[in-house]
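Hydrogens, waters and symmetry mates are skipped; everything else that's a heavy atom, side chains included, is used. Order of the sequence lines sets the chain letters (A, B, ...), proteins ahead of strands, with each chain counted from 1. These numbers come from a predicted model, not from an experiment.
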2 protein chains.
Amino acid sequence: MAVTPRPYHHGNLRLALLEQAERTLADGGELSLRELARQIGVSHAAPRRHFPDKQALLDALAEDGFERLGDALRDALGKAGDDFEARMLAFARAYAGFAVDHAALLELMFAGKHRPDAAESLRQAADRAFEASLALFVEGQATGDVVAGDPERIGMVAFGTVHGLAALANSQMLDRAALDDLLAAAVERLVLGLRPR
Amino acid sequence: MAVTPRPYHHGNLRLALLEQAERTLADGGELSLRELARQIGVSHAAPRRHFPDKQALLDALAEDGFERLGDALRDALGKAGDDFEARMLAFARAYAGFAVDHAALLELMFAGKHRPDAAESLRQAADRAFEASLALFVEGQATGDVVAGDPERIGMVAFGTVHGLAALANSQMLDRAALDDLLAAAVERLVLGLRPR
DNA sequence: ACCTGAACACCGTTCAAGT
DNA sequence: ACCTGAACACCGTTCAAGT
């Protein structure tokens with residue numbers, strides 16, 4: 001049972017750090033660079049080779065989060081059939097599901113502190129996630145379910161509504177059951193409000 | 001120009017801590033208990049007599065924030081006249097204005113981490129702020145501007161929509177001008193969606 | 001190129017002691 | 001009752017040095 005000495009080189013420390021960080025985040029723990037290094041088995045200064053500072057690691061986590069959020073949204077819409085309200089609801093549920101299941105990660109993604117000087121890749125990942133919802137309204141206008149107008153504006157209102165309800169749920173102002181109910185109510189009202197008249 | 005020695009007793013350390021904390025928050029700084037104590041001129045352990053730990057100070061700030069938010073909402077609605085859409089817009093602008101002007105404080109208020117075991121007074125302050133929006137929909141139902149149904153559900157949807165757009169603005173996904181424009185669009189759609197048919 | 005280990009300047013929290 | 005000062009166990013960041 002001798003402790004096998006760790007090799008000097010760690011296989012892929014960058015990836016190991018990101019994975020360990022996501023695990024810690026999912027477990028509701030605080031992110032400490034030193035603690036991550038400890039769990040992986042490298043010195044506390046080793047992460048510096050891969051992330052110049054803590055914010056760089058947080059940005060990488062956020063970027064990955066936006067990619068996964070975009071995937072989840074596209075996946076949900078891909079399975080949602082043709083009815084506009086059904087597609088809106090699928091979008092809302094997918095967004096809120098991600099938000100509730102990855103509350104700490106979502107907070108990082110929207111932290112905003114690291115936005116003025118954020119990496120271009122992070123900005124792009126966020127835009128790509130948002131585009132998944134944008135497409136929904138372009139479709140809706142084509143099928144006559146949605147009034148004319150800048151789809152980006154309309155999309156942002158819908159995105160904001162769902163984001164807001166998810167944020168309230170993550171703030172414990174709503175329980176999960178109430179969230180699902182309110183999402184349905186919000187979607188119903190949004191669909192009515194967006195219909196051409 | 002001799003430095004006048006500080007008296008042993010500080011007049012009202014609790015209040016001084018809260019005020020200094022709000023100032024720091026408004027300036028975009030990080031909150032450090034030790035730094036607050038330093039700025040006020042007491043030892044780093046002195047705050048402990050008034051706040052058992054850092055979270056207790058954060059909770060007190062959040063509670064004060066909810067009270068001021070409620071005041072701002074009630075004030076805006078008091079000045080808003082009778083038209084339902086105008087009142088909705090006044091509410092939305094007042095909420096978003098507070099959110100943008102006190103971004104760091106809002107984050108504290110909705111942190112949620114400190115909610116499961118939060119003080120009852122904090123919960124009540126949050127509820128009271130929310131009630132300011134609730135009243136709007138009870139009115140709307142009385143005047144026939146809003147469909148029947150649980151006003152708390154309807155209120156939460158509206159609250160969530162405005163909260164979400166403000167959160168996106170604070171995440172730098174929207175600039176201030178776009179926020180105001182989107183609030184108006186969201187309110188217009190909400191009002192249409194809520195109308196009895 | 002990648003990592004270590006010591007060092008620096010911070011934290012929040014605790015506690016015996018002072019007045 | 002209210003505050004101090006030293007102590008403890010942490011942080012993130014830096015840097016000379018090792019391989």
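Among residues at least two apart or in separate chains, salt bridge (Lys or Arg N to Asp or Glu O under 4.0 Å) pairs with a member in residues 169-178 of chain B are B:Asp101-B:Arg176. For residues 119-156 of chain A, the ring pair (Phe, Tyr, Trp, His ring centres under 6.0 Å) pairs, not counting sequence neighbours, are A:Phe130-A:Phe159.
Listed nucleotides C:dT13, C:dC11, D:dC3 differ in distance to B:Asp53; the shortest reach to its side chain belongs to C:dT13. The B:Arg38 side chain lies nearest to C:dC11 when the options are C:dC11, C:dC3, D:dC3. Between D:dC3, D:dG12, C:dC11, one nucleotide has an atom nearer to the side chain of A:Lys54 than all others, and that is D:dG12.
Side-chain atoms of A:Met156 and A:Arg153, non-hydrogen and from C-beta on, never get closer than 4.5 Å to each other. With a 4.5 Å cut-off on side-chain heavy atoms, A:Leu25 and A:Leu108 count as touching. Proximity of B:Arg74 to B:Arg128: side-chain heavy atoms (C-beta onward) are separated by under 4.5 Å at one or more points.
In this entry the distance linking CD of A:Glu30 with P of C:dG12 reads 13 Å, nearest Å. As rounded to whole Å, 10 Å separates atom P of C:dT13 from atom CG of B:Leu57. To the nearest angstrom, P of D:dG12 lies 8 Å from CG of A:Leu36. Summarising the geometry, the separation between CG on B:Leu13 and C1' on D:dA1 is reported as 13 Å, rounded to the nearest angstrom. In this structure, CD1 of B:Ile40 is placed 11 Å from P of D:dT4, rounded to the nearest angstrom. At whole-Å resolution of the value, CZ in A:Arg48 and C1' in D:dG18 are 18 Å apart. Between the C1' atom of C:dG12 and the CG atom of B:Leu58 lies a distance of 12 Å, rounded to the nearest Å. Computed from coordinates, the B:Arg49 CZ to C:dA17 C1' distance equals 12 Å when rounded to whole Å.
Applying the 4.0 Å criterion to OP1 and OP2 of D:dG12, one finds that A:Ser32 has a side-chain N or O inside that range. In terms of phosphate contacts, B:His50 brings a side-chain nitrogen or oxygen within less than 4.0 Å of OP1 or OP2 of D:dC3.
The NZ atom of B:Lys54 sits 12.5 Å away from atom CG of B:Asp59, with the distance rounded to the nearest 0.5 Å.
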Are any protein N/O atoms closer than 3.5 Å to N/O atoms in nucleotides 5-8 of chain C? If there are, list each pair with its distance.
{"from": "C:dA6", "atom 1": "N6", "to": "A:His44", "atom 2": "NE2", "distance (Å)": "2.8"}

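Aromatic ring pairs are classed by plane angle as parallel below 30°, tilted from 30° to 60° and perpendicular above 60°; the pair A:Phe66 and A:Phe110 is perpendicular.
Shown here are the side chain to side chain contact (heavy atoms under 4.5 Å, CB included) partners of B:Arg49, two or more places apart in sequence or in another chain: there are none.
Pairing analysis of DNA chain D (Watson-Crick: purine N1 to pyrimidine N3 plus N6-O4 or O6-N4; G-U wobble: N1-O2 and O6-N3; both under 3.5 Å) yields stems of 3 or more pairs at C:4-8 with D:12-16, C:12-16 with D:4-8.
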Could you pull out every donor-acceptor pair under 3.5 Å between side chains of residues 189-197 of chain B and any protein atom, sequence neighbours left out?
{"from": "B:Arg189", "atom 1": "NH1", "to": "A:Gly193", "atom 2": "O", "distance (Å)": "2.9"}
{"from": "B:Arg197", "atom 1": "NH2", "to": "B:Gly193", "atom 2": "O", "distance (Å)": "3.3"}
{"from": "B:Arg197", "atom 1": "NH2", "to": "B:Arg195", "atom 2": "O", "distance (Å)": "2.8"}

